[in-house]
Amino acid sequence: MAEGAKLAEILAYQLESEIIDGDWTVGDVIGQEPELMRRYRVSRAVFREAVRIVEGHLVGRMRRGRNGGLVVTEPTPQAVSDVMRIYLRSLKVDDAELFEARVSIESVCLTLAMERLTSSDEQRLLEQASLEQEALTRETYEDYAAGHGLHLLIAELSRNRPLFLFVHSLVNLTRHHPNHPSVLVHREAGCRAHRSITDSILNGNLPQATDQMTRHLRDIATWWQSSDKQQPETRASA
């Protein structure tokens, strides 16, 4: 690796550390280009390459103009999911591996969510169940995707942010078949499974909820595999 590239990586790490560890909020300008170049004693070429890395990590972005400078931004779960999707596709990871990971991680989320469940959480679970039931009356692909809400909600209720990020990323790697004739049947089965899982959570029955979640995820994996054989051209990333 060239010396300039090494310096850019080191500087990118320093800039990211300053942003993440400092008392900054999204939209703040941590400094303009000349000022930051002087502060870190680097050339314009090294500085701009470091900024490119920082922007790629979605920690900051360079804004040009009179009020410009390195602006603090906020990485999003979707951005992480997009990078993960590209990486796992390059590794030729298949749906079986993805669902194996989902079963393991979502089981942990379920356990933590039930341990930490509040009355407000219970209300949110009931609202999610109602939302999914209502979505069944509308035959659109967007409403089909709404069925992921329970998985994300359980991960959120675990109150473990790394686990939520993992679930969010894995859910977004899930693939749908919006034009497949069995989609609506699958939606109805998924809604029933989600309602059973919700009822078990509200009843405090962790073993039953875990078993239902595991069977639900494995059923989805099996359905996708069979759908692939029937109509592979309809696959689309979530």
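For reference, positions follow the sequence shown, starting with 1.
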Chemist: Hey, does Val167 have a side-chain heavy atom less than 4.5 Å from the side chain of Glu106?
Modeler: yes
Chemist: For Arg52, which residues count as a side chain to side chain donor-acceptor pair (under 3.5 Å) partner, sequence neighbours excluded?
Modeler: Glu49
Chemist: Is there a path from Ile20 to Val26 through hydrophobic residues (I, L, V, M, F, W, Y) whose side chains come within less than 4.5 Å of each other?
Modeler: no
Chemist: Gln32: which residues meet the side-chain contact (heavy atoms from CB on, under 4.5 Å) condition with it, sequence neighbours left out?
Modeler: Pro34
Chemist: Return the minimal non-hydrogen interatomic distance between Ala50 and Ala8, and the atom names on each side.
Modeler: CB-O, 3.4 Å
Chemist: Taking Val72 as the starting point, is it possible to reach Phe47 by hopping between hydrophobic residues whose side chains are less than 4.5 Å apart?
Modeler: yes
Chemist: State, to 0.1 Å, how close Gly60 and Leu70 come at their nearest heavy-atom pair, and which atoms those are.
Modeler: C-CD1, 4.3 Å
Chemist: If you group Ile, Leu, Val, Met, Phe, Trp and Tyr by side-chain heavy-atom gaps below 4.5 Å, do Ile105 and Leu112 land in one group?
Modeler: yes
Chemist: Under 6.0 Å from the CD atom of Glu127, do we count more than 12 heavy atoms belonging to anything else shown?
Modeler: yes
Chemist: Using a strict 4.0 Å threshold on nitrogen-to-oxygen distance, state whether Arg195 and Glu132 make a salt bridge.
Modeler: no
Chemist: Which distance, rounded to the nearest 0.5 Å, do you find between the CG of Leu170 and the CZ of Phe99?
Modeler: 9.5 Å
Chemist: Are any of the side-chain heavy atoms of Ile154 and Met213 separated by less than 4.5 Å?
Modeler: yes
Chemist: Short question: side chain of Arg63, backbone of Asn67 - any donor-acceptor pair under 3.5 Å?
Modeler: yes
Chemist: Within a strict 4.5 Å, meaning less than it, do heavy atoms of the Asn160 and Pro162 side chains meet?
Modeler: yes
Chemist: To the nearest 0.5 Å, how far apart are NE2 in His168 and CG in Leu163?
Modeler: 14.5 Å
Chemist: Quick one: which residue pairs count as a salt bridge (Lys or Arg N to Asp or Glu O under 4.0 Å) with a foot in residues 15-28, not counting sequence neighbours?
Modeler: Glu18-Arg39
Chemist: Should the heavy atoms of other residues, nucleotides or ligands under 6.0 Å from CD of Glu100 be counted, would the total exceed 12?
Modeler: no
Chemist: Quick check for you: to the nearest 0.5 Å, what is the distance between Gln128 atom CD and Leu152 atom CG?
Modeler: 8.5 Å
Chemist: Do Leu7 and Val42 have side-chain heavy atoms sitting under 4.5 Å apart?
Modeler: no
Chemist: Apply side-chain contact (heavy atoms from CB on, under 4.5 Å) to Thr210 and list each qualifying residue two or more places apart in sequence or on a separate chain.
Modeler: Ser107, Leu110, Leu206, Thr214
Chemist: Under the salt bridge (charged side-chain N to carboxylate O under 4.0 Å, His left out) rule, collect the residues that match up with Arg159, sequence neighbours excluded.
Modeler: Asp121
Chemist: Is there a path of hydrophobic side-chain contacts, each under 4.5 Å between heavy atoms, that joins Val29 and Ile19?
Modeler: no
Chemist: Is there any salt bridge (Lys or Arg N to Asp or Glu O under 4.0 Å) pair reaching into residues 207-218, and which pairs are they, with sequence neighbours excluded?
Modeler: Asp211-Arg215
Chemist: Write down the atom of Arg124, the atom of Leu157, and the distance for their closest heavy-atom approach.
Modeler: NH1-CD2, 4.1 Å
Chemist: Would you please name every residue forming a salt bridge (charged side-chain N to carboxylate O under 4.0 Å, His left out) with Arg64, sequence neighbours left out?
Modeler: Glu33
Chemist: Do Ser200 and Gln212 meet the criterion of a side-chain donor-acceptor pair at a distance under 3.5 Å?
Modeler: yes
Chemist: Once you round to the nearest 0.5 Å, how far does CG of Leu150 lie from CG of Leu125?
Modeler: 6.5 Å
Chemist: Met84 and Leu98: same hydrophobic cluster, using ILVMFWY side-chain contacts below 4.5 Å?
Modeler: yes
Chemist: Could you pull out the closest heavy-atom pair between Ser158 and Cys109, with the gap in Å?
Modeler: CB-O, 3.7 Å
Chemist: For Leu15 versus Tyr40, what's the shortest heavy-atom pair and its separation?
Modeler: CD2-CE1, 3.6 Å
Chemist: From Ser169 OG over to Tyr87 OH, what is the distance, rounded to the nearest 0.5 angstrom?
Modeler: 14.0 Å
Chemist: Give the minimum heavy-atom separation between Met114 and Asn205, together with the two atoms involved.
Modeler: CE-N, 3.7 Å
Chemist: Partners of Glu122 by side-chain contact (heavy atoms from CB on, under 4.5 Å), sequence neighbours excluded?
Modeler: Leu117, Leu202
Chemist: Assess the residue pair His216 and His151 against the criterion (ring pair (Phe, Tyr, Trp, His ring centres under 6.0 Å)); give the C-alpha distance rounded to whole Å, side-chain angles, the decisive distance to 0.1 Å, and a yes or no.
Modeler: CA-CA 11 Å; His216 171 52; His151 298 274; 5.3 Å; yes
Chemist: List for me each residue that meets side chain to side chain donor-acceptor pair (under 3.5 Å) alongside Arg116, sequence neighbours excluded, and say none if there are none.
Modeler: none
Chemist: Only counting residues at least two apart or in another chain, list the ones meeting side-chain contact (heavy atoms from CB on, under 4.5 Å) with Thr76.
Modeler: Gln78, Ala79
Chemist: Please test Gln133 against Cys191 for side chain to side chain contact (heavy atoms under 4.5 Å, CB included), starting from the C-alpha separation and ending with a verdict.
Modeler: CA-CA 7 Å; Gln133 188 64 45; Cys191 187; 3.6 Å; yes
